[in-house]
Protein chains: 2
Amino acid sequence: MPSRRGPGEEPTTPERILDAALASFAGRGYDGTSLDALASGLAIRKQTILYWFPSKEVLLEAVTDRSAAELSDVLETALVEAGSGWGRIEAVVRSVFRLAVRRPELIGLVREMSRIGPPAATRFVADLEPLVARASAFLEAEMDAGHMRRHQPRLLLLAIYSTVIGMLTEVEVLRVFGEEPTARSLVRRRAEILDLLRSALLTEGD
Amino acid sequence: MPSRRGPGEEPTTPERILDAALASFAGRGYDGTSLDALASGLAIRKQTILYWFPSKEVLLEAVTDRSAAELSDVLETALVEAGSGWGRIEAVVRSVFRLAVRRPELIGLVREMSRIGPPAATRFVADLEPLVARASAFLEAEMDAGHMRRHQPRLLLLAIYSTVIGMLTEVEVLRVFGEEPTARSLVRRRAEILDLLRSALLTEGD
DNA sequence: CGATCTGTCTACCATATGGTAAGTGACCGG
DNA sequence: CCGGTCACTTACCATATGGTAGACAGATCG
């Protein structure tokens with residue numbers, strides 16, 4: 001995997017390929033992405049892609065590996081920096097929302113992987129398992145501390161996850177709901193859904 | 001569009017095609033579905049499909065039209081039969097869950113349509129708009145009657161929708177959450193998420 | 001300077017795909 | 001019995017796709 005680049009440096013060719021592939025896999029799907037289209041968007045030839053990634057499947061693996069690492073990074077940071085009580089939970093959920101707004105391709109990729117299924121998805125899911133375990137442990141600790149109602153932590157993660165998925169990837173659905181999904185309305189919606197989760201999760205005494 | 005068939009009659013060829021196409025579009029995606037594979041699954045030739053539906057795109061339209069009609073039917077029935085108060089809301093949400101369990105392809109299709117985007121998705125979304133308006137009106141009436149907290153009704157619909165999507169289509173994600181998604185666990189999860197929504201939506205006096 | 005390696009390109013291939021044209025057998029009204 | 005329609009087939013086609021083979025230019029190094 002190419003090493004993470006600094007803000008000033010221009011991306012290397014394999015990095016540019018990974019960026020474009022992530023966007024395309026998330027947006028048009030794996031099957032809907034052709035190496036030719038990918039290459040032409042980068043003003044290179046398809047064979048250059050196959051030089052760096054010997055097959056489309058390997059390219060997908062590289063994309064998922066890098067994305068899983070980024071997802072893990074963001075949530076790990078949020079978990080470490082979080083305060084205590086509801087504010088702590090809120091901070092973590094908010095960091096997920098922020099990530100989804102900043103890098104919607106990552107959410108789109110998760111959705112796409114769930115559709116592709118094994119073996120590619122199995123690998124992705126294995127990459128993410130430590131993250132899920134970590135987040136579950138966090139939620140469980142908050143329950144033990146009485147900061148939130150008793151729920152199965154992984155069930156809660158699923159609720160949060162599916163909310164994020166629903167909010168940020170189903171653009172057409174948002175439209176039928178009568179709103180142009182602008183950045184502004186997304187932020188407002190985020191806040192409202194956070195309230196929704198809040199009232200569902202909070203303990204009585206909060 | 002072929003007319004709905006009764007329980008005893010065997011399906012006509014175009015109906016069988018629509019059934020298989022719905023399952024495949026929802027499962028493997030539009031791009032991931034080839035007419036050849038579709039046909040071979042039905043033990044017919046691809047040209048028979050093209051005889052009934054002159055192109056793959058028209059087939060998709062036929063599938064979405066029929067699916068939108070079925071979604072509308074189910075929810076309309078639920079809205080009409082619902083009682084009053086929270087029980088009424090619960091009955092409607094439950095009918096959505098039931099539909100999603102019984103016909104997961106419908107949910108998968110919604111997800112796929114949101115990925116495909118215009119123009120196919122626009123048509124689907126237009127077909128569903130009356131349903132969404134109806135459901136919004138229902139929720140708004142419940143708010144007026146004081147049966148639930150004030151929220152934007154379409155926002156609530158989105159929350160319910162995304163929960164259903166997350167629950168019933170992200171099978172791989174369920175797996176990483178440590179559970180084999182059996183019918184039994186899905187039912188239990190449904191109940192728990194219904195509780196989650198309940199506590200989020202209920203008015204204080206309930 | 002010459003050999004080698006690295007990154008990208010041109011040329012090509014086998015296969016799969018959506019779609020067209022035309023044929024075939026069964027049924028059906030006259 | 002016969003012409004026509006219906007449902008479906010075989011035969012075919014143009015294009016797009018993932019992937020291979022090998023050429024070529026520039027940098028690197030002895």
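Residue numbers begin at 1 in each chain, while the letters A, B, ... track the order of the sequences.
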Point to revise | Where chain B begins and ends its contact with DNA chain D, read 5' to 3' at 4.0 Å from heavy atoms | key: dC6(D) to dA11(D)
Check your understanding: Do you know which two heavy atoms are closest between Pro14(B) and Phe53(B), and how far apart they sit?
Key -> O-CZ, 3.9 Å
Only distances under 3.5 Å count here; give the side-chain donor-acceptor pairs of residues 41-51 of chain A to other protein atoms, sequence neighbours excluded, each with its distance to 0.1 Å.
none

I'd like a list of close polar pairs between nucleotides 4-9 of chain C and the protein, N/O only, cut-off under 3.5 Å.
{"from": "dG7(C)", "atom 1": "OP2", "to": "Tyr51(A)", "atom 2": "OH", "distance (Å)": "3.0"}
{"from": "dT8(C)", "atom 1": "OP1", "to": "Thr13(A)", "atom 2": "OG1", "distance (Å)": "2.8"}
{"from": "dT8(C)", "atom 1": "OP2", "to": "Trp52(A)", "atom 2": "NE1", "distance (Å)": "2.7"}
{"from": "dC9(C)", "atom 1": "OP2", "to": "Arg45(A)", "atom 2": "N", "distance (Å)": "3.0"}
{"from": "dC9(C)", "atom 1": "OP2", "to": "Thr48(A)", "atom 2": "OG1", "distance (Å)": "2.5"}

Review point. When rounded to the nearest 0.5 angstrom, what distance separates OG1 in Thr122(B) from CD1 in Ile116(B)?
Key: 11.0 Å
Exercise for review: With a 4.0 Å heavy-atom cut-off, tell me which residues in residues 32-41 of chain B come close to DNA chain C, sorted by residue number.
Suggested key: Thr33(B), Ser34(B), Leu35(B)
Point to revise | Identified side chain to side chain contact (heavy atoms under 4.5 Å, CB included) counterpart of Val63(A) within the set Ile17(A), Asp19(A), Leu22(A), Val58(A) | key: Leu22(A)
**Study point:** Close side-chain approach of Leu109(B) to Arg66(B), heavy-atom, < 4.5 Å
**Key:** no
Exercise for review: Would you name the heavy atoms of Ser24(B) and Thr33(B) that are closest together and state the gap between them?
Suggested key: OG-OG1, 2.7 Å
Donor-acceptor pairs under 3.5 angstrom involving side-chain atoms of residues 101-108 of chain A: please list them, not counting sequence neighbours.
{"from": "Arg103(A)", "atom 1": "NE", "to": "Glu105(A)", "atom 2": "OE1", "distance (Å)": "3.4"}
{"from": "Arg103(A)", "atom 1": "NH1", "to": "Glu70(A)", "atom 2": "OE1", "distance (Å)": "2.5"}
{"from": "Arg103(A)", "atom 1": "NH1", "to": "Glu70(A)", "atom 2": "OE2", "distance (Å)": "2.8"}
{"from": "Arg103(A)", "atom 1": "NH2", "to": "Glu105(A)", "atom 2": "OE1", "distance (Å)": "2.8"}

Check your understanding: More than 12 foreign heavy atoms under 6.0 Å from CD of Glu76(A): is that the case here?
Key -> yes
**Study point:** Non-hydrogen atoms of Thr12(A) and Glu15(A) that approach each other most closely
**Key:** N-OE1, 2.9 Å
Revision key, fill the gap. Across all chains, not counting sequence neighbours, the ring pair (Phe, Tyr, Trp, His ring centres under 6.0 Å) partners of Phe124(A) are none
